[in-house]
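Chain letters run A, B, ... following the sequence lines, proteins first, then strands; residues in each count from 1.
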Amino acid sequence: MKIAIASGKGGTGKTTLSTNLATFLGETKRVVLADLDVEEPNSKLFIDAQILKTHDTFKMIPRWVSQACTQCAQCVEVCNYNALIHIANEILVFPNLCHSCYACSELCPTQALPMEPQKMGELTHWRSDWIDGVEGRLNIGEEQAVSLISQTKKYVEKYFGDDTVKIYDAPPGTSCPMVEAIKDVAFVILITEPTPFGLHDLKLAVETVRAVGKAFGVVINQHGIGNDAVLDYCRAEAIDIIAKIPHDRAVAMAYARGELAYRSVAGFKEALRDVVAFCEAKGLL
Amino acid sequence: MKEIVVISGKGGTGKTSIAAAFATLVGVQGVIADCDVDAADMHLLLKPSIELCEDFYSGEGAFIDPMECRNCGGCADVCRFDAIDFIGGRYVINPIACEGCGYCARVCRPKAIAMSPKISGQWYQSMSKHGAFMVHAKLGVGAENSGKLVAKVKKEAKTLALREEKAWMIVDGSPGIGCPVVSSLSGAHFVVLVTEPTPSGLHDLERVHAVVKRFGIPSGCIINKADLNEEMCARIKGFLEAEGISLLATIDFNPSFTKAMVMEQTILEYDDSSLHAPIQHAFQTIQHILQEKKQ
């Protein structure tokens with residue numbers, strides 16, 4: 001089963017919940033944690049892990065072959081992303097604007113734009129005492145995360161079977177990277193904090209998850225720090241509250257040390273048990 | 001007019017609270033731009049009244065006319081985004097997956113596929129509760145955050161700032177290192193990096209600073225929740241020194257950030273004077289650096 005942990009607002013505890021939950025489950029089950037927050041992948045920082053392998057990941061970009069080109073510039077007209085320009089008898093390609101749709105390449109009458117791989121990031125497979133992890137990491141200067149998220153998921157699906165629980169640490173926000181991360185999971189756990197920012201961004205995330213058509217529930221992190229508006233909203237919308245992680249400075253301090261909080265903070269472990277019980281009741285584990 | 005962009009790489013470090021505090025500090029002498037269009041929150045503190053709202057179109061989406069379609073499936077064969085599903089005996093576009101490349105429309109022989117502009121969100125011109133101009137936006141559900149809406153917000157804010165002869169533009173930037181943050185940074189005079197002394201705080205600071213460096217914009221850092229971990233705090237300071245980033249302020253973990261938010265106040269408005277001094281000091285340091293640069 002695949003479970004995504006997502007949030008609208010950043011910094012609400014996605015990585016804290018996914019690293020702790022994955023490791024806690026890993027004590028009794030086979031678990032893989034996929035870090036799909038490829039712009040800022042952080043989960044490995046909190047887990048004592050050995051890297052099994054790292055390989056480069058690529059996106060496909062057209063390369064202009066001047067000898068084959070007849071200067072018809074149909075490619076420029078075809079490209080909806082302005083990733084190609086025709087200037088002084090040359091076709092210039094702007095890789096950061098390219099979405100790898102292949103239209104320019106495959107519609108070129110003289111095959112003058114073959115698609116070729118260009119490095120966009122790295123994929124790392126690591127292992128701790130308890131779980132496996134797969135991390136996608138976007139290169140600095142690369143701007144499009146979606147393709148790397150998709151490749152990271154493909155790796156996870158190829159190497160881990162149905163006997164393995166798959167936890168996806170999704171990127172923040174509600175735009176296409178988040179949608180890519182959750183689109184084929186069985187369930188989405190939205191984590192939020194009980195503050196006005198948390199509530200506002202939770203509503204956006206709920207709107208997105210509903211548009212994608214996923215079952216979901218909410219975990220409230222730092223319960224007690226703000227107000228009850230998130231609880232009221234979830235009740236009014238009939239959204240399951242899976243667990244409340246109590247506000248406790250000890251959790252923040254464990255995080256700051258790069259440690260898993262459930263090992264030292266009893267209230268946090270209790271909340272994890274609630275998450276596991278919920279997932280079991282839903283048939284997700 | 002000087003443009004200050006507040007970014008953080010990692011979420012939850014206090015970026016928006018600090019950007020909103022700067023906005024309070026410059027008052028009517030500033031124009032505010034919320035470029036975190038994917039999860040825009042600044043309006044929750046600055047309570048703007050909206051004066052103008054416009055749809056923002058970005059890119060295109062495909063649509064298959066069922067009356068013209070002959071079910072050949074040629075469109076689905078060329079789509080690289082798995083955006084064409086075969087449901088109930090006919091081909092339909094999944095608007096969330098469609099990236100608007102238009103390849104399907106070009107290969108469709110009966111010309112059954114039309115491309116039309118996609119609304120990717122709305123942008124607003126407003127007046128903050130302090131009487132300052134504010135430009136903000138809301139990205140549509142599952143829309144592509146290509147940075148174009150961010151660029152639009154910045155452009156509108158800049159036009160206002162120049163027209164109204166304001167001294168400052170305060171920008172709440174986007175998270176991450178991708179297109180939106182690159183759009184947030186373009187044209188900035190100074191970048192404020194907000195971080196926290198945690199492994200991910202430092203990690204994300206290093207990555208986002210690598211992006212800032214490419215633009216050659218002077219930058220300063222505010223370490224929030226500084227007392228969470230002294231050792232990590234010292235490591236961040238070491239990084240700042242090595243990279244020539246000014247330390248603008250260190251702020252201890254303070255529940256007033258959340259309390260102010262609950263009361264819809266910026267931390268400068270909230271009754272906790274211990275937060276006022278570091279914000280004011282940070283802003284003075286920025287002014288000083290910008291002046292030095294001028295000379």
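Heavy-atom distances place no part of B:H209 under 4.5 Å from chain A, backbone and side chain included. Contacts between B:V262 and chain A at a heavy-atom distance below 4.5 Å involve backbone atoms as well as side-chain atoms. Neither the backbone nor the side chain of B:V37 has a heavy atom closer than 4.5 Å to any heavy atom of chain A. Looking at B:L228, the atoms closer than 4.5 Å to chain A (heavy atoms on both sides) sit in the backbone and in the side chain alike. With a 4.5 Å cut-off on non-hydrogen atoms, B:R207 touches chain A through its backbone and its side chain both. B:A97 does not touch chain A: none of its heavy atoms, backbone or side chain, sits under 4.5 Å away. The parts of B:M261 that come within reach of chain A are both its backbone and its side chain, each placing non-hydrogen atoms under 4.5 angstrom from that chain. For B:A143, the part lying near chain A is the backbone, with the side chain staying farther off; criterion is any non-hydrogen pair under 4.5 Å. For a residue to count as touching a neighbouring chain, one of its non-hydrogen atoms must lie under 4.5 Å from one of that chain's; by this rule B:E196 touches chain A with the side chain only. No part of B:P255 comes within reach of chain A, as not one of its non-hydrogen atoms sits under 4.5 angstrom from that chain. At a 4.5 Å heavy-atom cutoff, B:K15 makes no contact with chain A through either its backbone or its side chain. Using a 4.5 Å cut-off between heavy atoms, B:I177 contacts chain A through both its backbone and its side chain.
The aromatic rings of A:H247 and B:F253 sit parallel, their planes meeting at an angle under 30°, below the 60° perpendicular limit.
The closest side-chain donor-acceptor pair between A:Y81 and B:E99, if any, does not fall under 3.5 angstrom.
Taking each heavy atom of B:S200 and A:N42 in turn, the nearest pair found is CB-ND2, 3.2 Å. Taking both residues in full, the closest heavy atoms of B:M115 and A:N80 are given as CE-ND2, 4.2 Å, listed atom of the first, atom of the second, then distance. Residues B:D41 and A:F197 come closest through the heavy atom pair O-CE1, 3.4 Å.
For B:D227 and A:R249, the salt-bridge test passes: some basic side-chain N is under 4.0 Å from an acidic carboxylate O. A salt bridge links B:R106 with A:E77: at least one charged nitrogen is closer than 4.0 Å to a carboxylate oxygen. Checked for salt-bridge contact, B:K10 and A:E39 miss the test: no charged N lies under 4.0 Å from a carboxylate O.
Looking at heavy atoms from C-beta onward, A:M60 lies out of side-chain contact with B:R80 at the 4.5 angstrom threshold.
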